[in-house]
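These notes are about the structure you will find just below.
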Amino acid sequence: MATLVNIASRTPEEVFEQAREREQGLSRLLVLYITTGLFFMLLPGTFLGVWNLISISTRAAADSVSPAWIQAHGHAQVFGWIGSFILGIGFYSLPKLRRMEPFSLWAARACWGLWTAGVALRWAVGVYAWHWRLLTPLSATLELMAFVIFFYCVSGHKVEDKTGARAAMPLWAKIVISATVGLMLTLLASLAESIAIGIYGEAPAFPHTFDQRFLILACWGTLVPFVWGFSAKWLPIFLGLKPTRDKLLAAAVLLNGLGVLAAMFGKIHLAAVLLLHGAIFAPSALRIFAGSERPAKTGGVHPSYTWFVRSAYVWLRIAATLGVWASVNNSPGVWGASRHALTVGFMAMMVFGVGQRVLPAFSGMKLLFSPRLMLASLSLLSIGCLLRVTCEILAYQGYAAWAWQVLPVSAVIELSAVTIFALNLVLTFRRKPAAQMLSPATAPAM
């Protein structure tokens, strides 16, 4: 009510100027989060991952690299890269999509500071093991504090429709909320285990049994539903898909959640089977592989991105299928291939495809710097992921000795892909808004 009174007391010009300044502030905030995510993706994440894989391949032994180093790489990728993207996009888009009251931009900047410090500290402790008994729990605490700020900002206000009445929450928003709950549980589990290893541990690394369950919670319980939720919101528009089957998508989310719950109780095979069924139902519910009923929106991006987005959901099913295989004989190579198919083939492919579609517009209605670089990044990511998943099974399981030599090649290809992706986005952020570059007659449809 107070907000309405304040708006009524201002002239239309003042209201417009305030709205414009806030939009610019949100765009700068988004660029800050995305740029931070790109940093974690390139250096602490992918570069360390390449180094780890080269070391493993040189020795032809999966256990030749410290678990702390492997977990540092994974933490930088999952929390530093994807997590920063989720927070930034959440701050920018969720209040608009759900018609919430504006939140303080200072709170969002404080969240960025705490999150970035926590992720960077966790990575540094894993690599250098400096005062890790104290700093490992501290890093988890900082990440949880950042999440609390984020959760308050994007969920602390009522949802209203255009008339001001309380609106019913759409399914995609409910899925995103379930993913947010998954992120909260992931951070709480991280903090609890960080305190435990700080007191009783022998190294700054989670024990194998806990780490396996933790990764399922972080990936399947958090990142996967986030992608499904935003897919339900954006893909029907961008790819021209037929309407989503809401009941089937809700069933997929339920099966996925039950799979994560089963994993937390140590029922890994049951969890893998449930996750597979969720991975089968979700693309069908979203009608990813069905014929489009409208032309896809490809203005300003490479038109092939629609194919790569669909291929991401193929990788999702491959990841879940490999998870069932690995749960039967507990094969480390198959487990690793399953995780890579999920994190790179599915999640990274979705970020590369949809991210280069929406982030230029979110960063101030700009145009992507180069659709050709977009194609290059997506193509290299696909090739690198295919080589990595295939050769990790062949090498780790002892099926083919030559596969050890291909694994570093796959890592370099993926490093090239993420470098091109980061370069394309950074150059995009430095561009002028599309309205200042193109006339209305030549501007592509957004």
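Just so you know, residue 1 is the first one in the sequence shown, and it goes up from there.
- Arg431 forms no cation-pi arrangement with Phe369, by the criterion of a distance under 6.0 Å to the ring centre and an angle within 45° of the ring axis.
- Distance alone, capped at 3.5 Å, places no donor-acceptor pair between the Trp81 side chain and the Phe40 backbone.
- Under 3.5 Å, the side chains of Thr136 and Trp132 contain no donor-acceptor pair of N or O atoms.
- Within a 6.0 Å radius of CZ in Arg294, other residues, nucleotides and ligands contribute more than 12 heavy atoms.
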May I have the step-by-step check of side-chain contact (heavy atoms from CB on, under 4.5 Å) for Cys219 and Val224, ending in yes or no?
-> CA-CA 6 Å; Cys219 294; Val224 167; 5.5 Å; no
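- Scanning both residues, Ala296 and Thr306, for their nearest heavy atoms gives CB-CG2, 3.7 Å.
- Taking the six-membered ring for Trp, Tyr33 and Phe85 have ring centres at least 6.0 Å apart.
- Between the side chains of Thr186 and Thr222, at least one donor N or O sits under 3.5 Å from an acceptor N or O.
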Without placing hydrogens or testing angles, list every side-chain donor-acceptor pair under 3.5 Å for residues 381-389, not counting sequence neighbours.
from   : atom 1 : to     : atom 2 : distance (Å)
Ser382 : OG     : Leu378 : O      : 2.9
Arg388 : NE     : Glu392 : OE1    : 3.0

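- Using a 4.5 Å heavy-atom threshold, the side chains of Phe206 and Ser194 count as touching.
- Although no hydrogens or angles enter the test, the distance criterion places a donor-acceptor pair under 3.5 Å between the side chain of Trp115 and the main chain of Phe79.
- For Phe421, the ring-ring contact (aromatic ring centres under 6.0 Å, His included) partners two or more places apart in sequence, or in a different chain, are Phe352.
- Residues His277 and Val273 form a side-chain contact, since some pair of their non-hydrogen atoms from C-beta on lies under 4.5 Å apart.
- Relative ring orientation between Phe147 and Phe150 is described as tilted, the plane-to-plane angle lying within the 30° to 60° band.
- Leu239 CG to Trp307 CH2: the interatomic distance, rounded to the nearest 0.5 Å, is 13.0 Å.
- Here the side chain of Thr298 pairs no donor or acceptor atom with the backbone of Val301 at under 3.5 angstrom.
- Side-chain contact between Thr180 and Ile86 is absent, with no heavy atoms from C-beta onward closer than 4.5 Å.
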Could you please spell out the steps behind the side-chain contact (heavy atoms from CB on, under 4.5 Å) verdict for Phe265 and Leu270?
-> CA-CA 10 Å; Phe265 284 96; Leu270 174 61; over 6 Å; no
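- The nearest pair of heavy atoms linking Ala189 to Phe210 is O-CZ, 3.7 Å.
- Every residue two or more places apart in sequence or in another chain was checked for a salt bridge (Lys or Arg N to Asp or Glu O under 4.0 Å) with Arg122, and none qualifies.
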Dump the intermediate steps for side-chain contact (heavy atoms from CB on, under 4.5 Å) on Ser338 and Trp325, then the final yes or no.
-> CA-CA 9 Å; Ser338 173; Trp325 178 13; over 6 Å; no
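- At a threshold of 4.5 Å between non-hydrogen side-chain atoms, the residues Phe308 and Ser379 count as touching.
- Atoms CG and OG, on Leu235 and Ser292 in that order, are 10.5 Å from each other to the nearest 0.5 Å.
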List, one per line, each side-chain donor-acceptor pair under 3.5 Å for residues 393-406, sequence neighbours excluded.
from   : atom 1 : to     : atom 2 : distance (Å)
Gln397 : OE1    : Gly333 : N      : 3.1
Gln397 : NE2    : Ser331 : OG     : 3.4

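- Side chain of Thr35 to main chain of Leu32: no donor-acceptor pair is present (N/O by atom type, distance under 3.5 Å, no hydrogens or angles).
- How far CG of Leu48 is from CH2 of Trp69: 6.5 Å, rounded to the nearest 0.5 Å.
- For the pair Arg133 (side chain) and Ile195 (backbone), a donor-acceptor distance under 3.5 Å is absent.
- Formation of a donor-acceptor pair under 3.5 Å by the Arg287 side chain with backbone atoms of Leu241 is not found in this model.
- Between Trp234 and Phe230, the ring planes lie parallel to each other; the angle is under 30°, not in the 30° to 60° tilted range.
- In this structure, CG on Leu359 lies 6.0 Å from CG on Leu30, to the nearest 0.5 angstrom.
- Atom CZ of Phe47 has 12 or fewer neighbouring heavy atoms from other residues, nucleotides or ligands inside a 6.0 Å radius.
- Taking CG of Leu248 as the reference point, atom OG of Ser284 lies at 6.5 Å (rounded to 0.5 Å).
- With hydrogens and angles left out, the side-chain atoms of Asn256 and Trp228 include no donor and acceptor closer than 3.5 Å.
- The shortest distance between side-chain heavy atoms of Glu414 and Leu380 does not fall below 4.5 Å.
- Here the CG atom belonging to Leu144 is positioned 10.5 Å from the CG atom belonging to Leu114, to the nearest 0.5 angstrom.
- In terms of heavy-atom proximity, Trp172 sits nearest to Ala232 at CB-CB, 3.9 Å.
- Judged by distance alone, with hydrogens and angles left aside, the side-chain atoms of Thr46 form a donor-acceptor pair with the main-chain N or O of Met41 at under 3.5 Å.
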In sequence, state the C-alpha distance, the side-chain angles, and the governing distance for Arg357 and Phe238, and then conclude on side-chain contact (heavy atoms from CB on, under 4.5 Å).
-> CA-CA 9 Å; Arg357 180 65 183 77; Phe238 294 157; 4.1 Å; yes
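- Taking each heavy atom of Met347 and Val227 in turn, the nearest pair found is CG-CG2, 4.4 Å.
- Looking only at side-chain heavy atoms (C-beta outward), Val119 and Ser139 stay at 4.5 Å or farther from each other.
- Using modelled atom types and a 3.5 Å distance limit, the side chains of Ser190 and Glu143 yield no donor-acceptor pair.
- Between Met350 and Tyr313, the closest side-chain pair of non-hydrogen atoms falls below 4.5 Å.
- In this structure, Tyr305 has no ring-ring contact (aromatic ring centres under 6.0 Å, His included) partners at least two apart in sequence or on a different chain.
- Across all non-hydrogen atoms, the minimal contact from Trp335 to Gly323 is CH2-O, 3.9 Å.
- At a threshold of 4.5 Å between non-hydrogen side-chain atoms, the residues Leu342 and Trp315 do not count as touching.
- Across all their heavy atoms, Ala411 and Val50 have their closest contact at O-CG2, 3.6 Å.
- For the pair His302 (side chain) and Met374 (backbone), a donor-acceptor distance under 3.5 Å is absent.
- In this structure Val426 satisfies the side chain to side chain contact (heavy atoms under 4.5 Å, CB included) test together with Leu38, Arg430, sequence neighbours excluded.
- A donor-acceptor pair is defined here as one N or O able to donate and one able to accept, closer than 3.5 Å; no such pair exists between the side chain of Asn424 and the backbone of Leu373.
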